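Only heavy atoms go into these numbers, but all of them, side chains included; no hydrogens, no water, no symmetry mates. Every chain is numbered from 1, with letters handed out A, B, ... down the list of sequences. Since we're looking at a predicted model, the values are computed, not measured.
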Protein chains: 2
Amino acid sequence: MGVVRTTKTVRLVTQFFDTYEHAIGVLDLVEKFKEEMNRSTIYRILDRLEDEGKVHSFLGANGLKHYAKCKDCNHKEHVDVHPHFQCTNCGMVECVAYEIKIPALPDKSVEQAQLLLTGICANCKD
Amino acid sequence: MGVVRTTKTVRLVTQFFDTYEHAIGVLDLVEKFKEEMNRSTIYRILDRLEDEGKVHSFLGANGLKHYAKCKDCNHKEHVDVHPHFQCTNCGMVECVAYEIKIPALPDKSVEQAQLLLTGICANCKD
DNA sequence: ATTGTAATTGCAACTGTTTTGCATTAAATT
DNA sequence: AATTTAATGCAAAACAGTTGCAATTACAAT
Ligand SMILES: [Mn+2]
Ligand SMILES: [Mn+2]
Ligand SMILES: [Zn+2]
Ligand SMILES: [Zn+2]
């Protein structure tokens, strides 16, 4: 796999993330693109886009993988680490621009912190 | 289901949590008790103990459910909310006695915060 | 433009995890 | 001891994600 090919399906998923401002669960993506591509293709494309630093993933409250576009990441490193918010009413999931301060724990070296916030989103509050 | 029965299997799982100081993944529990009870029984007992406020659950880094005993919870509410730590080397998972400060987000009401810390545990550091 | 190549896809089968329906067992009440 | 019904075991189903392989297709070379 020396060259990387910009196939029709890769383009579709890329374009989706270009304009989508929230995060989306992998099953919703499978559903959304079920006419355009096979579900294994989606999983493979998401893996690839994540490797390339174009999207990042995290686990939602249900344990399902969610994806959102990255800001300044590349295939070397994901610098875009932040909490995520999930609305328990409408299911909306999004990235939160907020720096997680990793607490120091005695005798341990904490390398990563994953923070998932749940509650009611702006839309659902009214 | 008016009465609640203290069966042999419920007693076994309860006793396990009485003495186990860490958190444990559901599949490890299935494995550990595979001679004593059926898989579905474990899942049902864990649901029940969680309802009763005797154990609490959270998702590990792999998205799999983990369980640990509760301190001061009951069937009305789980007051025992805290971060968890998972060692990426040995897989050990434990509760972290540390108060999560829930960040206020504009236009949203954040009700819950789930924080998972990953890194190297005391045992694995030496 | 045509051809050669290998990266990518579709498909169907498979793996791993959790849930479910139902007949059977056994804990608690009488 | 008999009765009641909560809890269990089992096997099948549901669900999410992965894999092997043949067919397709992007794209570099000609
Ligand atoms: Mn994000
Ligand atoms: Mn805990
Ligand atoms: Zn909402
Ligand atoms: Zn360790």
In whole angstrom, what separates [X]'s [atom1] from [N]'s [atom2]?
| X | N | atom1 | atom2 | answer |
| --- | --- | --- | --- | --- |
| K34(A) | dC11(C) | NZ | P | 15 Å |
| L64(A) | dT18(C) | CG | P | 12 Å |
| F33(B) | dG9(D) | CZ | C1' | 17 Å |
| E31(A) | dA16(D) | CD | P | 11 Å |
| I42(B) | dA7(D) | CD1 | P | 16 Å |
| L46(B) | dT17(C) | CG | C1' | 14 Å |
| Y67(B) | dT18(C) | OH | C1' | 10 Å |
| K8(A) | dT25(D) | NZ | P | 7 Å |

Any [X] side-chain N or O less than 4.0 Å from OP1/OP2 of [N]:
| X | N | answer |
| --- | --- | --- |
| S40(A) | dG10(C) | no |
| T41(B) | dG9(D) | yes |
| Y43(B) | dT19(C) | no |
| R44(A) | dG10(C) | no |

NA contact type, R48(B), heavy-atom cut-off 4.0 Å: base, sugar-phosphate, or nothing?
-> sugar-phosphate

Touch class at under 4.0 angstrom, heavy-atom based, for V30(B) against every strand present = nothing

Can you figure out which of dA28(C), dA7(C), dG17(D) approaches the side chain of R5(A) most closely?
-> dA7(C)

Closest to the N38(A) side chain, choosing from dT9(C), dT18(C), dG10(C) = dG10(C)

Can you tell if the side chain of T6(A) reaches within under 4.5 Å of the side chain of R11(A), non-hydrogen atoms only?
-> yes

So do C70(A) and K54(A) actually touch side chain to side chain, heavy atoms under 4.5 Å?
-> no

Under 6.0 Å from the CZ atom of R39(B), do we count more than 12 heavy atoms belonging to anything else shown?
-> no

H82(A) and H56(A) side chains, donor-acceptor separation under 3.5 Å = yes

Could a donor-acceptor pair under 3.5 angstrom be found where the side chain of R39(B) meets the base of dG9(D)?
-> no

Please state whether the rings of F58(B) and H84(B) are parallel, tilted or perpendicular, taking 30° and 60° as the class boundaries.
-> parallel

Nearest-nucleotide comparison on DNA chain C, the residue closer to the 5′ end among V26(B) and T7(B) | V26(B)

